[in-house]
Amino acid sequence: MKIHQKIMEFISKNVYSKNEFEFKIDNFKIFKDVESIGNVYAVDGGCGVLCDCGSYIISKIKIGVTCYENMKRVSSSEKVDEYYVFAQKTDSGNVIKIFPEIEINENEIKKCKIEEVQNEIRRYLEWKKIEELSEKITSNDVILADGFFEKIKNEHNIVFVCKTSRLRSKSGRPLLSCLNDVSKESIKNEKWMYKISENEYIVKFHEKSRFCYKVSVKNLNNIEYLLGVVAYYSKDPEIIGYPYPLLRVDKIARIRNDEKKTENRKLKNNKFGKFLVSDEDAAIMHELLDKRMYR
Amino acid sequence: MTIGKIIGGSIGEKILIRLKSNASVDVGDIVVCEDTKTKEKFFLKIINIGISSLISNQFVEDIAGQNLEHDTDYNLFDSDDRFYKMCEAKILKVKREGKLFPARSLPNYFMDIKKINEEEFDFINKGGEIEIGNLRLGTESFEGIKLALPAKKLISHHMLVVAATGKGKSNFSKVFLSGVLKLDNYASVVFDPHNEYYGGSGEKGLRDHPLKDNVVYFSPRYEKIPGAENLAIPTSELEPDDFFGIVNLSSAQKEAMMLIFREYKNEWIKKLLTESIENFMKIFGEKIHRATFATLKRKIQHALELEGSKGLVFSIDEASGVSVYKKVKNAVSERKIVIVDTSMIGDETEKIVASSILNRVFRKYRVAKQKSPEVFSKMPEVLVVFEEAPRVIGSEVLSEGKNIFERIAREGRKFKVGLCAITQMPSLISGEILSQMNTKVILGLPAPADRNAVINSAAQNIGDENIEIQMLDKGEAIITSPFIDFPMPVKIFLFEDVLKDFKVENPDKKITLSIE
């Protein structure tokens, strides 16, 4: 028997079984999209390593915000904040420097691996941006964000959409997939939500979408309006069923390879940057091998 | 208003432009790009428009499919950003410090593209005399900018007017001839197989022109048309040359014609048609085969459309009055336009009429140049207009022998005689002759073979105009010539409007194409 078949046989016997998920049909709720009467904001962050020198890393973080009103983007409300992070490993913990300077609790990030620093700061900045935005929105506005932030204090209309989830059934299958399978048989051509915990739902935002997502909402009084608005904004055919403002904000906050290369060049090509070339060589071999041998 | 931005391209290839979502641009439009970095102004012509998207094709196809097959409810967010139009353009000219240069530089990335204003066409130099239409950008024409072709050089360097049926060949020719009428030193001989140039029965023609006194009209039905001359030619005035390259003749038949002509001079056709073959055999013996006489007799009788001794144009009677040839030559000398109505005669007869007239006109010019250069220098340039030109300068026709049309195309410009060949199938004309036609008036050609024939033989590179040529509507033209700055998009005047406007003094600013 070929090895691939063996792998799948093992998984199907140990993980996949039709009865492994006991869903409660009452937890499924069908909902309709709702034409938003307020603005829909989306917040997301992106980060990328510009220069990895082994003992220190220079990275870039972008925090993007976009805003839609009546399905149209409000260009004046779209903004991207850019930050540069220097993270150095020392015996007494990480040395962190952020450009431009921001107030941040360094205790947590001082202990983590330096390659994880940028992600921690990005998450902090995203959270800060959401907090800041939630202060000024009206009750009809909705904020969309990627992931989930427990520490969000404000219970305004914030909807967190996770693209992926590690939630699993008893036997270990992905919960999203189990629910999707069940819904295909019993809830056809409808948008649905399935409550999995107090603030968490699995939601299908478009009846024709292949995907459902884990969604976290704090403001449960307004849940149908919120999910209805998100569904209203999930009709773009490029990724049907995924909120388009999140797609847009991902695009503007993403740090692409071209941008990384340009930034790397700018760091090296100034009067203080000469040593960076040799420092970078300390950690660049892996990348070089990738480029030369496996491309 | 900004309608697009430069996003790529090269001088050798094309300039790429992303269009603004609400921009209205047509193929053929001329746009302008002012490079704020180099201070150069680029005049660009749109040669192709396409749609594009930031989303991969596979997704786009899926989007359409989902909607078509499953009626999926969707909304295109940021559709103007993600789905847009792109243009390909070519650089016509670059303006630097007030002077125009050929394209040797490029605009920078993201430079604004704007629509051109009328005032910006001051880069088209003055110099033409024959107004033929308004500058056309795409489908829009600029009433304020009248384009005029330079008669000098252009006429004797030959013209080709090409278009599919109904696209306005005859209208253009009438407009052009109207312009020729106004000039002092030009004449024209027009062979009119559809009887549409002179006018009549509700159709306006040159007889309705205020300068109609400078038009001479020959027709076999002259009696019904006031002022018309009789198109009657006695066979005694014809020579074997008038048939060569026109009537399909073998070498033996050509030789026989020459022998008979030498023997009988101006009675050669009369003798050929009336004498018995036996008598000929006695005179010419073995020089001419019996069968050759018989065939020649039949061919010439047929070509001249003779029934007995008379045909509609030709007759074997003695000449009476002033010959048509002489009248045509006189009219040409007097700088008039001669129209020969050939609508009632057959194809071959028409070609013999044209060939015989042109042989004599051309001979007059040739002899004058050789023997009296001073007289020649005062003779007007003459334009020969011939419709359905492949009948006389087609590759197939010329493979059987050369004729006067081919000779004019090759040598005419030395003797101030130009050919205006009109056709809807330029691909049938020999490549060598096509390239001799320096000025080409292209009025919409749907057939790829015809377009390629014109494009490959044009004096300017008009390969990029292929799509525009295919899409030209009635009266829309592209004119290419070594005597104008670049292939010029024109909306040809309506001849009826030219007649109306002729009386009115036109105070409009006249901007014309340059003479080289």
Side-chain angles (χ1 to χ4, degrees), chain A residues 30-36 39-42 64-78 142 144 184 188-191 204-211 228-252 254 256 258 262, chain B residues 1-10 13 15-25 36-37 50-86 106-114:
Chain A
I30 290 164
F31 69 98
K32 301 284 176 199
D33 54 14
V34 178
E35 193 173 340
S36 165
N39 289 351
V40 173
Y41 295 88
V65 183
T66 191
C67 174
Y68 284 78
E69 187 180 8
N70 297 326
M71 304 280 231
K72 300 264 181 238
R73 195 166 78 236
V74 184
S75 304
S76 56
S77 301
E78 189 167 276
V142 177
L144 279 164
K184 278 174 197 164
K188 286 177 183 166
N189 295 323
E190 297 288 356
K191 303 170 185 67
K204 183 170 260 194
F205 287 113
H206 195 285
E207 50 277 15
K208 293 282 163 53
S209 171
R210 272 175 61 197
F211 306 99
V229 169
V230 179
Y232 188 64
Y233 276 86
S234 301
K235 292 181 186 174
D236 188 84
E238 192 176 348
I239 303 184
I240 203 146
Y242 186 71
Y244 182 77
L246 280 177
L247 189 73
R248 169 70 192 170
V249 78
D250 175 84
K251 197 185 211 177
I252 59 172
R254 189 175 285 269
R256 292 186 167 78
D258 285 354
T262 310
Chain B
M1 192 187 75
T2 302
I3 56 161
K5 287 211 182 266
I6 298 281
I7 56 158
S10 68
E13 295 292 320
I15 304 297
L16 294 176
I17 298 166
R18 176 173 166 159
L19 287 177
K20 199 170 177 343
S21 58
N22 60 356
S24 163
V25 176
T36 50
K37 290 182 185 168
I51 51 173
S52 193
S53 149
L54 291 177
I55 299 169
S56 79
N57 265 353
Q58 202 182 351
F59 274 118
V60 174
E61 287 161 19
D62 186 42
I63 290 167
Q66 286 295 326
N67 189 243
L68 286 168
E69 307 301 339
H70 306 289
D71 200 20
T72 303
D73 173 27
Y74 69 80
N75 177 64
L76 288 173
F77 288 85
D78 299 341
S79 56
D80 290 348
D81 296 11
R82 297 190 294 161
F83 303 91
Y84 44 85
K85 284 183 186 164
M86 298 267 286
L106 271 179
N108 280 295
Y109 264 117
F110 307 122
M111 288 299 135
D112 284 350
I113 299 289
K114 292 179 179 172

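Lettering follows sequence order; numbering is per chain, from 1.
Atom CG of A:Leu144 is separated from atom OG of A:Ser234 by 8.0 Å, given to the nearest 0.5 angstrom. The structure places CG of B:Asp78 at 10.0 Å from CG of B:Leu54, a figure rounded to the nearest 0.5 Å.
Of the atoms belonging to A:Tyr68, it is side-chain heavy atoms, and not backbone ones, that fall under 4.5 Å from chain B. For B:Phe59, the part lying near chain A is the side chain, with the backbone staying farther off; criterion is any non-hydrogen pair under 4.5 Å. Interface remark: B:Asp80 contributes no atoms to any contact with chain A (heavy atom separation under 4.5 Å).
Counting only distance, with no hydrogens or angles, the side chain of A:Lys204 and the backbone of A:Ser209 share a donor-acceptor pair below 3.5 Å. Remark: the backbone N or O of A:Glu238 is paired with a side-chain donor or acceptor of A:Asp236 at under 3.5 angstrom.
In terms of heavy-atom pairs under 4.5 Å with chain B, the best-connected choice from A:His206, A:Glu207, A:Arg248, A:Lys72 is A:His206.
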